[in-house]
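Indexing begins at 1, ligand by ligand and atom by atom, following the structure's order. Numbering of residues begins at 1 and proceeds along the displayed sequence.
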Amino acid sequence: MILAFESSCDETALAIFDPGSGIAGEWIHSQIELHSEHGGVVPDIATREHLRNFGPLLERARASGHWEKITRIAVTRGPGLAACLALGAAAAKAAACALRLPVVGVNHLRAHAWSPFIPVHSECRQGFDERLSGLLPHLGLLASGGNTLLFSISADRGIRQISSTRDDAAGEALDKGAKLLGLGYPGGPAIERLALGARADAFDFPRGIGGRGDLDFSFSGLKTSLRYRVQAMTEDSVRARLGDLCASYQAAVIGSLAYKAAAAAEQGGYRSIGLSGGVANNRGLRSAIEAVARRRGARFLPAEPRHTGDNAAMVGFAAWIDAADAERFAGSALRADPGAYL
Ligand code: KG4
């Protein structure tokens, strides 16, 4: 069994993953409320909170009845906030030292990339390898507050980045848009709520880089366009048209993600199309990517809602399924790497 640590941003999380029986337990402490007072994640507060929260979470994991069966420790090594990652690595190394167990470092993006396969593993733990080969090659869209990527997983389980954002991440665009509209943090859920029942075609917002040839994303123009739009309106009219503004802005984000995912899907004979990261909670985005998968005859694999945002279950799962990558960062080779890429 693998004891996994996650602390790359504002979630302190632990999980115990058992390759034979799935997720044996997971414990998470979210700091969203603390950061929402500041309109976004404050790195110093996040680090202090991780230090405060790992102890109590470890006590709960210890009382779970699986503690004695742990044989390996895994921790997110990056990308993420430098001090938060360093604190997680220190906590994992200390646990490894105390329990006399090996420790490996997991790439946060690879963990998100594999997260849609956790439910597949829960469905069929015995024939998992066979089931997995039936789902590869895989096309994945990872959209979170810090990252937006399209990637593929080949039949031999190799991960390759296809494209990424040239500026803001999709979640960041939603968070910044929400801030401009005077909504709270995190912005994605607030915008989704207000957009319900409103007109998505009320305002015409730009949808990133045009053309199917360039698969990169860009959201900075969209954000600027919203700023100009709001500046040209009176406060009262912004208030009166808040739903339409949210629906149109959200439609531009979803539209650009789905358009590029569809273009990427045309370029490979993918058997499954996955969706992960915090923005994967968005119902509109889920249906848009599901439609892309349906059109290509591929299975739609969304990460489960409890594993879209940052969590430790995906770290434990990746340490197992992507063991070769994690082993490259074992023991003394394990370092926090804020700029780690896929
Ligand atoms: O994966 P995650 O925790 O990101 C990082 O820590 O990088 O996801 C957080 C992001 C935020 O930008 C948040 O606004 C967005 O995911 N998000 C959503 C929804 N729920 C969370 N965006 C759109 N619709 C949602 N329902």
Query raised in the report: Nearest heavy atom to atom 5 (C) of ligand 1: which of Gly187, Gly145, Ser115, Pro189 does it belong to?
Result: Gly145

Report task. Begin from the C-alpha positions of Arg72 and Leu101 and carry the test side chain to side chain contact (heavy atoms under 4.5 Å, CB included) through to its verdict. Result -> CA-CA 6 Å; Arg72 210 146 61 98; Leu101 293 174; over 6 Å; no

Query - Any N/O pair Pro186/ligand 1 closer than 3.5 Å - result: no

Query - Any donor-acceptor N/O pair, Thr71 side chain to Met1 backbone, under 3.5 Å - result: yes

Query raised in the report: Quick one: nearest non-hydrogen protein atom to atom 22 (N) of ligand 1, plus distance?
Result: Gly188 CA, 3.3 Å

**Report entry** Under 3.5 Å donor-acceptor, Arg271 side chain and Leu136 backbone
**Finding:** yes

Query raised in the report: Counting from 1, what ligand 1 atoms have a heavy atom of Gly146 closer than 4.0 Å?
Result: 7 (O)

Query - Pair Phe17 + Trp114: ring centers closer than 6.0 Å - result: no

Query raised in the report: Taking N or O atoms only and a 3.5 Å limit, does Gly277 qualify as a polar contact for ligand 1?
Result: no

Query raised in the report: For atom 26 (N) of ligand 1, what is the nearest protein heavy atom, given as residue, atom name and distance?
Result: Glu192 OE1, 2.8 Å

**Report entry** Enumerated ligand 1 atoms positioned under 4.0 Å from heavy atoms of Gly171
**Finding:** 12 (O)

Query - N-O pairing of Asp129 and Arg157 below 4.0 Å - result: yes

Query - Under 3.5 Å donor-acceptor, Ser276 side chain and Ala303 backbone - result: no

Query - Geometric N/O contact Asp10 with ligand 1, under 3.5 angstrom - result: no

Query raised in the report: What is the closest protein heavy atom to atom 17 (N) of ligand 1, and at what distance does it sit?
Result: Gly278 O, 3.5 Å

Query raised in the report: With atoms numbered from 1 as shown, which atoms in ligand 1 lie under 4.0 angstrom from a non-hydrogen atom of Gly309?
Result: 1 (O), 3 (O)

Query raised in the report: Quick check, are the ring centers of Phe317 and His307 under 6.0 angstrom apart?
Result: no

Requested in this report: Look at the side chain of Thr165 and the backbone N and O of Asp167, then say whether any donor-acceptor pair between them is shorter than 3.5 Å.
Outcome: yes

Query raised in the report: Among Leu174, Asn282, Leu81, whose heavy atom sits nearest atom 24 (N) of ligand 1?
Result: Asn282

**Report entry** Nearest-neighbour protein heavy atom for atom 6 (O) of ligand 1, which is reported as residue plus atom name and distance
**Finding:** Asp310 OD2, 3.2 Å

Query raised in the report: Side chain, backbone, both or neither: which part of Asp175 comes within less than 4.0 Å of ligand 1 when only heavy atoms are counted?
Result: side chain

Query raised in the report: Would Phe117 and Phe128 count as a close aromatic pair, with their ring centres under 6.0 Å?
Result: no

